[in-house]
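Below you'll find the structure, written out as structure tokens, and then a few comments.
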Amino acid sequence: MKYALPVTRAESFPDWYQAVVAEADLAEESGVRGCMIIRPWGYGIWQRMQELLDRRFRETGHENCYFPLLIPLSFIAKEAEHVEGFAKEMAVVTHHRLKMIDGALKPDPEARLEEPLVVRPTSETVIGAAFQRWIRSHRDLPLLLNQWANVVRWEMRPRLFLRTVEFLWQEGHTAHATAEEARQETLRMLEIYRAFAEDALAMPVVAGEKPPHERFPGAESTFSIEAMMQDGKALQAGTAHYLGTNFSRAQHIRFQTEQGELAYAHTTSWGVTTRLVGGVVMTHGDDDGLRLPPILAPRQIVLVPIVRDRPEDASVLEYCESLAAQLGRGAALGEPIRALADRKLGRPVDKRWGWIKRGVPIVCEVGARDVAAGSVTFVRRDRARRGEKLDFASLARAEFLERAPALLAEVQSALHDDARERLRAGIRTDLATLAAVEEYFRESDDADAYRGWVQVPWARPEGAALDAVEERLKALKLTIRVAPLPQESAAGERCVFTGAPARERILLARAY
RNA sequence: CGGGGUGUAGCUCAGCCUGGUAGAGCGUUUGGUUCGGGACCAAAAGGUCGCAGGUUCAAGUCCUGUCACCCCGACCA
């Protein structure tokens with residue numbers, strides 16, 4: 001069987017991932033380690049994510065703003081755990097001028113900055129400094145901000161979209177009068193991420209709380225949504241942190257309460273990144289390339305005119321253009337349909353496979369026969385093949401126009417259903433002992449064999465006991481993903497690590 | 001930062017051991033045949049061999065230095 005990609009998922013999942021990113025025109029290496037060029041199709045997907053999320057943020061009272069890329073070193077130094085967490089991966093600006101020295105362009109020693117600036121790895125500290133000035137009274141709270149920005153973390157092992165040195169994200173930062181309100185905000189944003197992943201990305205996730213050693217540096221508690229990729233690994237797809245008063249104490253974010261007393265504000269931060277694009281690839285992609293949920297697809301229906309340098313070409317092109325325009329006046333999934341008549345020069349077969357690989361939900365071919373018959377021939381990308389061949393269907397033009405919204409909705413829910421079933425089937429809950437877990441994950445002949453996740457009872461060990469747990473998990477390349485929310489009672493169960501009475505259940509998985 | 005690699009045409013790579021006229025496939029362009037389920041034939045264009053030194057009559061090839069990137073570990077959205 002011949003597929004559109006040079007490598008299948010079964011042959012090598014990592015190679016397959018790279019092939020999709022390249023063949024679907026999502027992104028490419030830039031020549032600077034860890035920094036990627038996001039191509040128009042990949043950026044279009046990110047922009048759709050931005051549009052959909054930004055709407056939800058604004059609906060919940062958040063305002064967008066923008067803070068600087070460069071942060072004084074002294075700002076970062078204020079929160080001790082924060083420094084420790086990020087110090088090792090910081091890009092630092094030390095000079096402001098270049099000079100020709102011995103024939104080479106180098107930083108001018110005379111132009112050394114008095115205080116080095118770091119390229120933001122996240123913005124808690126700069127935004128906190130502004131909060132400190134803006135928040136004086138309980139009337140200034142809550143303060144609900146968000147920014148869309150790029151950040152830099154000097155990661156050791158970059159992979160396109162999944163872990164890049166520079167990445168795009170949104171970071172929300174809020175300040176509240178009480179711990180309770182800040183905790184609610186944290187959970188509210190977690191829920192927005194969960195619903196967005198499920199509804200827009202058709203990517204099923206488990207939302208929950210991270211164990212202490214996986215917390216954001218400086219956070220009181222960290223929550224995340226975790227998605228299961230087709231190789232069984234977990235991908236952290238969004239995080240929300242309750243920061244308590246850690247940052248406000250470090251940065252003197254204080255206000256006068258209604259009673260006139262001085263109190264520290266409780267802050268939160270939350271974010272999702274361009275990693276989500278990689279998550280969509282590894283959730284929905286198949287051996288013919290990307291498959292995009294229609295809500296996310298920059299183009300939902302693409303019409304490929306079958307032209308062959310013949311007089312009838314003009315009527316074919318006109319048929320495509322008018323069909324695309326008509327589709328665009330219709331609506332699907334709550335928005336106008338995004339249709340495109342692909343008039344670019346080039347061979348129709350190449351264009352067709354290009355759109356298949358890019359994951360367009362419905363790819364149409366319109367030739368002279370369709371024009372004559374008044375019909376539309378199309379492939380649903382979510383189930384593109386019948387046997388070895390593309391599964392083309394044909395409908396009368398009017399019928400296609402009428403059915404298009406339903407077809408797109410069907411593709412959206414079919415992708416979601418498939419992924420949801422995979423997540424459900426991929427979580428083992430019946431491994432009652434650590435030995436059973438170890439056996440399950442033990443390296444076999446095929447080290448990358450699909451293993452999925454394991455849910456086990458957990459007593460929340462701390463200190464040395466937690467370190468011991470970490471060490472055992474590390475040997476299996478496992479991590480604790482989250483304690484899923486909402487938690488059912490774990491009463492009567494025993495922690496698989498310590499044997500102590502369980503307090504909750506946690507998910508173990510290999511992770512990206 | 002430790003270990004292992006790779007830099008040669010737009011892309012993927014061969015050539016290096018054993019120094020002697022710069023190569024292949026894909027892609028691109030042109031012409032022709034074919035053409036609604038990734039067609040075929042022919043021709044053409046395209047490279048200061050990562051960079052800097054050195055050895056030599058002669059360096060892509062040997063030596064030294066340097067830079068970049070990739071893979072495996074520690075780190076991570």
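Scope of the values below: all heavy atoms of this structure, side chains included, with no hydrogens, waters or symmetry mates. Within every chain, numbering begins at 1; the chains are lettered A, B, ... in the order of the sequence lines, protein sequences first and strands thereafter.
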Show each protein N/O and nucleotides 40-46 of chain B N/O combination with a separation under 3.5 Å, one pair to a line.
none

Would you tabulate the pairs of protein nitrogen or oxygen atoms and nucleotide nitrogen or oxygen atoms of nucleotides 3-8 of chain B closer than 3.5 angstrom?
none

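Pair check for B/C69 finds B/G5; Watson-Crick or G-U wobble, both atom distances under 3.5 Å. Within the shown strands, B/A39 is the pairing partner of B/U33 under the Watson-Crick or G-U definition, both distances less than 3.5 Å.
Under the rule for a salt bridge (charged side-chain N to carboxylate O under 4.0 Å, His left out), A/Arg397 has no partner lying at least two apart in sequence or in another chain. Partners of A/Arg308 under the salt bridge (charged side-chain N to carboxylate O under 4.0 Å, His left out) rule, at least two apart in sequence or in another chain, do not exist in this structure. Partners of A/Asp342 by salt bridge (charged side-chain N to carboxylate O under 4.0 Å, His left out), not counting sequence neighbours: none found. Evaluation of the ring-ring contact (aromatic ring centres under 6.0 Å, His included) rule for A/Phe247 yields A/His82 as partners, not counting sequence neighbours. In this view, A/Trp169 and A/Phe167 satisfy the ring-ring contact (aromatic ring centres under 6.0 Å, His included) rule, not counting sequence neighbours.
Residues from residues 193-211 of chain A lying near RNA chain B, meaning a heavy-atom separation below 4.0 Å, are absent.
The side-chain hydrogen bond (donor to acceptor under 3.5 Å, both in side chains) pairs that include a residue from residues 196-215 of chain A are A/Glu198-A/His416, A/Glu198-A/Arg420, A/Lys210-A/Glu226, A/Lys210-A/Gln236, where partners are two or more places apart or lie in different chains.
Between the side chains of A/Glu185 and A/Thr268, no donor-acceptor pair is found at a separation under 3.5 Å.
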Inset, instruction - For each nucleotide in nucleotides 70-77 of chain B, reading 5' to 3', give B when a protein heavy atom comes within less than 4.0 Å of its base, S when such contact involves only the sugar-phosphate, and - otherwise. - result: S-SBBBBB
Inset, instruction - Heavy atoms under 4.0 Å is the rule here; annotate nucleotides 29-36 of chain B 5' to 3' with B where the base is hit, S where only the sugar-phosphate is, and - elsewhere. - result: -------B
Indicate every side-chain donor-acceptor pair of residues 358-381 of chain A with a distance under 3.5 Å to a residue at least two apart or in another chain.
from, atom 1, to, atom 2, distance (Å)
A/Arg358, NE, A/Asp25, OD2, 3.0
A/Arg358, NH2, A/Asp25, OD2, 3.0
A/Glu365, OE2, A/Arg352, NE, 2.3
A/Glu365, OE2, A/Arg352, NH2, 3.1
A/Asp370, OD1, A/Ser375, OG, 2.8
A/Asp370, OD1, A/Thr377, OG1, 2.9
A/Asp370, OD2, A/Gly367, N, 3.1
A/Arg380, NE, A/Asp382, OD1, 3.0
A/Arg380, NH1, A/Glu410, OE1, 2.8
A/Arg380, NH2, A/Asp382, OD2, 2.7
A/Arg381, NE, A/Leu290, O, 3.3
A/Arg381, NE, A/Ile356, O, 2.7
A/Arg381, NH1, A/Asp286, OD2, 3.0
A/Arg381, NH2, A/Asp286, OD1, 2.7
A/Arg381, NH2, A/Asp288, O, 3.4
A/Arg381, NH2, A/Leu290, O, 3.2

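Residue A/Leu26 is tested with A/Ile37, A/Val281, A/Ile38 for a side chain to side chain contact (heavy atoms under 4.5 Å, CB included); the sole match is A/Val281.
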